[in-house]
Amino acid sequence: MKISTKGRYALRLMIDIAQHCNEKPVSIKEAAKRQNISDKYLEQIISILNNAGYVKSIRGPHGGYLLKRAPKDYTVGMILRLTEGSLAPVTCVEEDADSCERKSNCATFVVWQKMYDAICDVVDNITLEDLVSWHIDGSGDYCI
């Protein structure tokens, strides 16, 4: 499984907003400059985040974006699923997958299921608050 730039940049943007929104709403231009990402690309990503209700838009000369909820209420999994879709390594282990006719005789099914469970365990147990803390701390101590 490979996470696209859209997923990676969405996480970086959410971290940036979480870190800077206490000062004032975060403009896309400011975030793009800090993150060294095209503001046009971030505009596409913020639209996805806004439509999902993860951020709210503040209009006006000092406008920008704020998180709708506290950073502890967003998981990496929420953001990646929004931007990437399913995180399953193969379709047969997705939540809404049709039951595979080969499942009972498939020697690899257990591998894919364990991979998916491990991925979900990681991304669903790391919050935006954790990422902000790790970024600010800079210690590299990522124990949760």
Side-chain angles (χ1 to χ4, degrees), residues 1-100 102-103 106 108-144:
M1 181 183 73
K2 197 172 203 177
I3 305 297
S4 72
T5 55
K6 187 190 313 182
R8 295 192 323 264
Y9 291 178
L11 271 174
R12 285 172 53 187
L13 179 57
M14 290 289 283
I15 293 166
D16 192 278
I17 293 170
Q19 284 183 285
H20 296 97
C21 70
N22 288 338
E23 303 159 17
K24 60 182 173 130
V26 174
S27 80
I28 291 301
K29 286 199 181 292
E30 292 168 348
K33 187 175 182 179
R34 282 191 295 265
Q35 296 300 319
N36 196 28
I37 301 172
S38 157
D39 56 337
K40 296 291 184 201
Y41 197 18
L42 284 187
E43 285 173 8
Q44 294 173 22
I45 292 169
I46 200 71
S47 176
I48 295 167
L49 296 168
N50 192 35
N51 289 338
Y54 288 13
V55 296
K56 62 181 171 182
S57 173
I58 307 296
R59 295 184 176 262
H62 301 289
Y65 293 89
L66 301 170
L67 298 179
K68 276 200 170 176
R69 296 177 267 180
K72 68 179 179 61
D73 296 330
Y74 296 94
T75 65
V76 171
M78 290 169 63
I79 298 163
L80 290 180
R81 284 184 188 93
L82 177 65
T83 55
E84 299 292 322
S86 174
L87 300 178
V90 293
T91 58
C92 63
V93 296
E94 291 177 346
E95 277 97 35
D96 59 350
D98 292 330
S99 184
C100 178
R102 294 185 33 85
K103 183 178 176 180
C106 181
T108 59
F109 178 80
V110 71
V111 173
W112 311 135
Q113 187 64 57
K114 285 181 176 284
M115 282 179 65
Y116 184 49
D117 292 345
I119 290 166
C120 291
D121 186 50
V122 170
V123 299
D124 292 335
N125 288 295
I126 299 174
T127 67
L128 194 55
E129 182 177 65
D130 295 328
L131 294 173
V132 169
S133 294
W134 295 340
H135 180 75
I136 291 170
D137 182 33
S139 69
D141 181 13
Y142 302 133
C143 297
I144 54 172

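Start at 1 with the first residue, then count along the sequence.
- You'll find the side chain of Ile46 reaches within 4.5 Å of the side chain of Ile17, heavy atoms only.
- When all heavy atoms of Cys120 and Arg81 are compared, the closest pair comes out as SG-NH2, 3.4 Å.
- Heavy-atom minimum distance, Gly63 versus Ser27: O-CB, 4.2 Å.
- Using a 4.5 Å heavy-atom threshold, the side chains of Leu128 and Ile15 count as touching.
- The structure places CG of Leu80 at 11.0 Å from CE of Met78, a figure rounded to the nearest 0.5 Å.
- How far CG of Leu42 is from OH of Tyr65: 10.5 Å, rounded to the nearest 0.5 Å.
- A donor-acceptor contact closer than 3.5 angstrom is absent between the side chains of Tyr9 and Thr83.
- Among all heavy-atom pairs drawn from Ser38 and Ala32, the shortest one is C-CB, 4.2 Å.
- At least one side-chain heavy atom of Tyr54 sits under 4.5 Å from a side-chain heavy atom of Ile79.
- For the atom pair Thr5 OG1 and Ile37 CD1, the distance stands at 9.0 Å (nearest 0.5 Å).
- Considering CD of Gln44 and CG of Asp39, their distance stands at 10.5 Å, rounded to 0.5 Å.
- You'll find the side chain of Leu67 reaches within 4.5 Å of the side chain of Tyr74, heavy atoms only.
- Each of Lys24, Gln35, His20 was scored for a side-chain contact (heavy atoms from CB on, under 4.5 Å) with Glu30, with one residue passing: Lys24.
- In terms of heavy atoms, Pro71 sits closest to Thr127 at O-CB, 4.0 Å.
- Taking all atoms of both residues into account, the shortest heavy-atom contact from Cys92 to Trp112 is SG-CD1, 4.4 Å.
- For the pair Asn125 and Thr75, the minimum side-chain heavy-atom distance is 4.5 Å or more.
- Atom CG of Asp121 and atom CD1 of Ile126 lie 9.0 Å apart (nearest 0.5 Å).
- Around CG of Asn36, the count of heavy atoms belonging to other residues, nucleotides or ligands within 6.0 Å does not exceed 12.
- Scanning both residues, Pro25 and Leu66, for their nearest heavy atoms gives CA-CD2, 3.6 Å.
- A salt bridge does not link Lys33 to Asp16: none of the charged side-chain nitrogens sits closer than 4.0 Å to a carboxylate oxygen.
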Next on the checklist: Determine whether Glu94 and Thr91 satisfy the following criterion, side-chain contact (heavy atoms from CB on, under 4.5 Å), listing intermediate values before the conclusion.
Outcome noted: CA-CA 5 Å; Glu94 291 177 346; Thr91 58; 4.2 Å; yes
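- Using a 4.5 Å heavy-atom cutoff, the side chains of Ser4 and Glu84 are in contact.
- Interatomic distance, OG of Ser86 versus CD1 of Ile119, reported as 9.0 Å (0.5 Å rounding).
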Next on the checklist: Walk me through whether Asn50 and Ser47 qualify under side chain to side chain donor-acceptor pair (under 3.5 Å).
Outcome noted: CA-CA 5 Å; Asn50 192 35; Ser47 176; over 6 Å; no
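- Using a 4.5 Å cut-off on side-chain heavy atoms (C-beta onward), Lys6 and Ile48 make contact.
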